[in-house]
Structures are given as structure tokens and as C-alpha cells.
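Written below as C-alpha cells is the structure these notes are about.
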Amino acid sequence: TLNYDDIDSVSKLQKSQRYADIMQKVEEALEKRTVLEYKKLIEDCNHLLVDIENEIVIVHNFIRDKYRLKFQELESLVHHPIDYVRVVKRIGNEMDLTLVDLEGLLPSAMIMVVSVTASTTKGNQLPKDVLLKTVDACDRALDLDSARKKVLDFVDCVIVCDTY
């Protein structure tokens, strides 16, 4: 059984050797603009992208489970996992959303909907330990998204640039 109170027990990809090895090869390839066995690396990247997407879903679910106490309706308003993560991280434990700048995270109309919904919602502040776990999970999701973009950049460059 998983301990859903600990992000490390549900999110394991970033600590795996396979993840570290592939990301190192991608970073080296992007720096040097050369890869010897790029066909194998492309295949590994494709598999890793699927794993990263799955891991983002797992971490997103963990964050939603923790953040429901604070702002339950948010998950029905912000559907994209990474957008949700960014909004949760920005709001944190703030009870007055007029003090939180969501500009750049969501379209203006969505910011208005989130703000109005938050003003009519009876949420509770998260206990400090839960907030810390939630923010840590947000950072993990954002790191996964960054890794996903890096792998996609590499794959796009190999396919489009044909420089490898």
C-alpha cells in the first residue's frame, strides 16, 4: 500500500537511474549537438515522455488531494495539471485571492472565475506540514514538466534540424 501522505512514496520516476541516465544523455546531446546512438536515445526518450506524463498525473492527483481542504473547486476550474500546479503554488495558503497575482498563469477570464469562486468558497488554511508537502509536490511537477520540455526539444531538434 502507498502512503499518500508522502510524495516520495507515490512519485518515483525522478529518483530512478533510468530517468537520470536518459536526461543526462539528452542534456549532453543538446550541449554538444551530437549523439552517437541517437536512434536508441530517441526510443528511450519516447518511453520516458510517456513515463513523465504518467508521473505528472500522479503528482497532480497528490496535489489535488492535499489542496481540496483549501480550495476544493479549483480542480474543476483549472483542468490542465501544470496550470493547476502553478496556480496552487502561487495561491499557497492565502485566503484573500485579491492579494494573489495570477496574471500570466491563466487567461484573464479564468482568473476572474477563480477569484469569484474563491470569494464564495469556504476553504480552510492548510496545516503547515500539508502546505509544505503540497508545495514540494508542485515543485516536483514543475521539474517533471521542465524535463518533458527538454526531452521534446531534443527529439524535435533531431527530427527537424537533422543535426545529430
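Reckoned from all heavy atoms, side chains included, excluding hydrogens, waters and symmetry mates. As the structure is a computational prediction, the values presented were derived from the model and not from experiment.
- Taking 4.5 Å as the limit, every side-chain heavy atom of L77 sits out of range of all side-chain heavy atoms of Y84.
- In this structure, I82 is a member of the same hydrophobic cluster as L152, with clusters built from ILVMFWY side-chain heavy atoms closer than 4.5 Å.
- Listed by first and then second residue, the side chain to side chain donor-acceptor pair (under 3.5 Å) pairs involving residues 51-63 are S11-E55, R18-D51, E53-R148, N61-R64 (not counting sequence neighbours).
- Here I52 contributes atom CD1 and L13 contributes atom CG; the two are 6.0 Å apart, rounded to the nearest 0.5 Å.
- Between I63 and A137 the shortest heavy-atom distance is CG1-CB, 3.5 Å.
- Summarising the geometry of I56 relative to A141, their closest heavy-atom pair is CG1-O, 4.5 Å, with the distance given to 0.1 Å.
- Interatomic distance, K12 NZ to I7 CD1, rounded to the nearest 0.5 Å: 10.5 Å.
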Identify each donor-acceptor pair in which a side-chain atom of residues 104-118 lies under 3.5 Å from a protein atom, sequence neighbours left out, and give them as a table.
unit_1, atom_1, unit_2, atom_2, d
S115, OG, I111, O, 2.9
T117, OG1, V113, O, 2.7

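- A donor-acceptor pair is defined here as one N or O able to donate and one able to accept, closer than 3.5 Å; no such pair exists between the side chain of N93 and the backbone of Q125.
- Between R68 atom CZ and L126 atom CG the span is 12.5 Å, to the nearest 0.5 Å.
- Atom-to-atom distance recorded for Q14:CD and L144:CG is 3.5 Å, nearest 0.5 angstrom.
- For T98, the side chain to side chain donor-acceptor pair (under 3.5 Å) criterion is met by D96, not counting sequence neighbours.
- Pairing each heavy atom of I22 with each of C45, the nearest pair is CG2-SG, 4.2 Å.
- When each of L102, V88, D83 is checked for a side-chain contact (heavy atoms from CB on, under 4.5 Å) with V78, only D83 meets the rule.
- For the ring-ring contact (aromatic ring centres under 6.0 Å, His included) condition, no pair includes a residue of residues 92-146, sequence neighbours left out.
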(Q) Under the criterion salt bridge (charged side-chain N to carboxylate O under 4.0 Å, His left out), I'd like the reasoning laid out for K149 against D145: C-alpha separation, chi angles, the key distance, then a yes or no. (A) CA-CA 6 Å; K149 288 176 182 173; D145 187 55; 3.3 Å; yes
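- Sorted by first then second residue, the ring-ring contact (aromatic ring centres under 6.0 Å, His included) pairs that include residues 91-146, not counting sequence neighbours, number zero.
- Every side chain to side chain contact (heavy atoms under 4.5 Å, CB included) that K150 has, sequence neighbours left out, goes to M23, V26, E27, L30.
- The side chain to side chain donor-acceptor pair (under 3.5 Å) check on E94 picks up nothing, with sequence neighbours excluded.
- A salt bridge (Lys or Arg N to Asp or Glu O under 4.0 Å) check over residues 115-144, counting only residues at least two apart or in different chains, returns the pairs D5-K133, D8-R140, K89-D139.
- Applying the side chain to side chain donor-acceptor pair (under 3.5 Å) criterion to Q17, with sequence neighbours excluded, gives D21.
- The side chain to side chain donor-acceptor pair (under 3.5 Å) pairs that include a residue from residues 41-50 are K40-D44, where partners are two or more places apart or lie in different chains.
- In the hydrophobic clustering of ILVMFWY residues, with side-chain heavy atoms under 4.5 Å counting as a link, F71 and L69 come out together.
- Between T134 and Y67 the shortest heavy-atom distance is CG2-CD1, 4.1 Å.
- Sorted by first and then second residue, the ring-ring contact (aromatic ring centres under 6.0 Å, His included) pairs involving residues 85-128 (not counting sequence neighbours) form an empty list.
- Between the CE atom in M95 and the OG1 atom in T121 there is a gap of 9.5 Å [rounded to 0.5 Å].
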